[in-house]
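What follows is a short report on a single structure.
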2 protein chains.
Amino acid sequence: MITLNYRDPRPIYEQLKEKLRRMILSGAMAEGEKLPSVRELASQLTINPNTIARAYRELESEGFVYSISGRGSFVGSLNGVDEGRKQQLRAQLLAAATELRQLGEDEQTLISLIKEATPHD
Amino acid sequence: MITLNYRDPRPIYEQLKEKLRRMILSGAMAEGEKLPSVRELASQLTINPNTIARAYRELESEGFVYSISGRGSFVGSLNGVDEGRKQQLRAQLLAAATELRQLGEDEQTLISLIKEATPHD
DNA sequence: ATAAGTGTATTAAGCTACTTAATACACTTA
DNA sequence: TAAGTGTATTAAGTAGCTTAATACACTTAT
């Protein structure tokens, strides 16, 4: 179940993208599985269908989702995820690590965080 | 010298905060050093003084800067940086690392990124 | 004392992005 | 045929960012 946080300053479609991305990446939704339809999810969240459509459209351009007009939207292959997305994440990780180091954080502490990020299969 | 990128979708005051934060953290500006005055920097960047003031105000609330009315704004002590800022950075690092791992990135690759983030004294 | 420079604050206006609303079209499926 | 799908467009309202024009209290140099 997806819920929105209206105190979050980010636009709704960004929150949606992040939640869906996480569900897909965590395996909560399997490859090829059908996502809720634009109108259904809009009704469920009480927001406008255009906003859902935008989130789906952008997730599609990043490779997390593919849509077929008349049929629906579906979870894509993780192999198909845009390389640009990965570069973006590496840059984010490097930036956060750099500032933490400059603030005096120990290298080992950061490595522990990396190990904490390991998916438990 | 600070330059602004008007293609960047982030607000100007956010770009400013990031640039100043980096200069402070990298040691390009020493603790206690005077920052350009609100009006001077505004004139230099051809933007409104209010926008500079907002960046300074928020950096002050995070502990990177302190301001004295009538005197100016100055680089704060890195020990004084808000703990909330560090927690934010740790969360960012963890989120990026988690998604990268789920996208198939190797743990060693991420650890290499951490080591890359080590400041070279 | 005076003048110039400082941070800080307020109000009004314009602009852009986000969001909603109301449709419409072409496609697929039961 | 009817219902459900993604997709697209236009118009309107809202909120945040930015600018502009001031103003005030303080500090520093003259």
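In what follows, chains carry the letters A, B, and so on, assigned in the order in which the sequence lines appear, proteins first and then strands, with residues in each chain numbered from 1. Here the structure is a predicted model, which is why all the values come from computation and not from measurement.
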According to a strict under-4.0 Å criterion, is [X] in side-chain N/O contact with OP1 or OP2 of [N]?
| X | N | value |
| --- | --- | --- |
| B:Ser69 | D:dA25 | no |
| B:Tyr13 | D:dC17 | yes |
| A:Arg71 | C:dT29 | yes |
| B:Ser37 | C:dG5 | no |

Rounded off to whole Å, could you give me the [atom1]-to-[atom2] distance for the [X] and [N] pair?
| X | N | atom1 | atom2 | result |
| --- | --- | --- | --- | --- |
| B:Arg57 | D:dC17 | CZ | P | 11 Å |
| B:Glu58 | C:dT8 | CD | P | 13 Å |
| B:Phe74 | C:dG7 | CZ | C1' | 10 Å |
| B:Leu35 | C:dG5 | CG | P | 19 Å |
| B:Lys34 | C:dG5 | NZ | P | 12 Å |
| B:Ile47 | D:dA20 | CD1 | P | 11 Å |
| A:Tyr6 | D:dA15 | OH | P | 14 Å |
| A:Arg7 | D:dA15 | CZ | C1' | 18 Å |

By nearest atom, which of the nucleotides [options] is closest to the [X] side chain?
| X | options | value |
| --- | --- | --- |
| A:Asn48 | C:dG7, D:dT18, C:dA21 | C:dA21 |
| A:Val38 | C:dT19, D:dT19, D:dG6 | D:dG6 |
| B:Asn50 | D:dA20, D:dC17, D:dG6 | D:dA20 |
| B:Ser67 | D:dT28, D:dT19, C:dG7 | C:dG7 |

Base paired to [N] (Watson-Crick or G-U; both N/O distances under 3.5 angstrom):
| N | result |
| --- | --- |
| C:dG7 | D:dC24 |
| C:dA30 | D:dT1 |
| D:dA11 | C:dT20 |

Find which nucleotide of DNA chain D each of A:Glu40 and B:Arg54 is nearest to by heavy atoms, and output the residue with the more 5' nucleotide. A:Glu40
Return whichever of A:Gly70 or B:Pro49 has its heavy-atom-nearest nucleotide of DNA chain C closer to the 5' end. B:Pro49
Under the salt bridge (Lys or Arg N to Asp or Glu O under 4.0 Å) criterion, do B:Arg54 and B:Glu14 qualify, and how do the steps go? CA-CA 9 Å; B:Arg54 173 161 189 182; B:Glu14 285 286 2; over 6 Å; no
In plain terms, say whether B:Glu99 and A:Arg22 are close enough for a salt bridge, that is, a side-chain N and a carboxylate O under 4.0 Å apart. no
A:Lys34/A:Glu40 salt bridge by N-O under 4.0 Å criterion: no
Positive for salt bridge (charged side-chain N to carboxylate O under 4.0 Å, His left out) with A:Glu62, one of A:Arg21, A:Arg57, A:Lys86: A:Arg21
Does any donor-acceptor pair link the side chain of A:Arg39 with the base of D:dG6 at a separation under 3.5 Å? yes
Begin with the C-alpha distance, continue with both residues' side-chain angles, and end with the deciding distance and a verdict on side chain to side chain contact (heavy atoms under 4.5 Å, CB included) for B:Leu20 and B:Tyr56. CA-CA 9 Å; B:Leu20 293 169; B:Tyr56 280 9; 3.6 Å; yes
What is the nucleic acid contact for A:Glu14, judged by heavy atoms within less than 4.0 Å: base, sugar-phosphate only, or nothing? nothing
Determine, using the 4.5 Å side-chain heavy-atom cutoff (strictly less than), whether B:Val65 and B:Ile68 are members of one ILVMFWY cluster. no
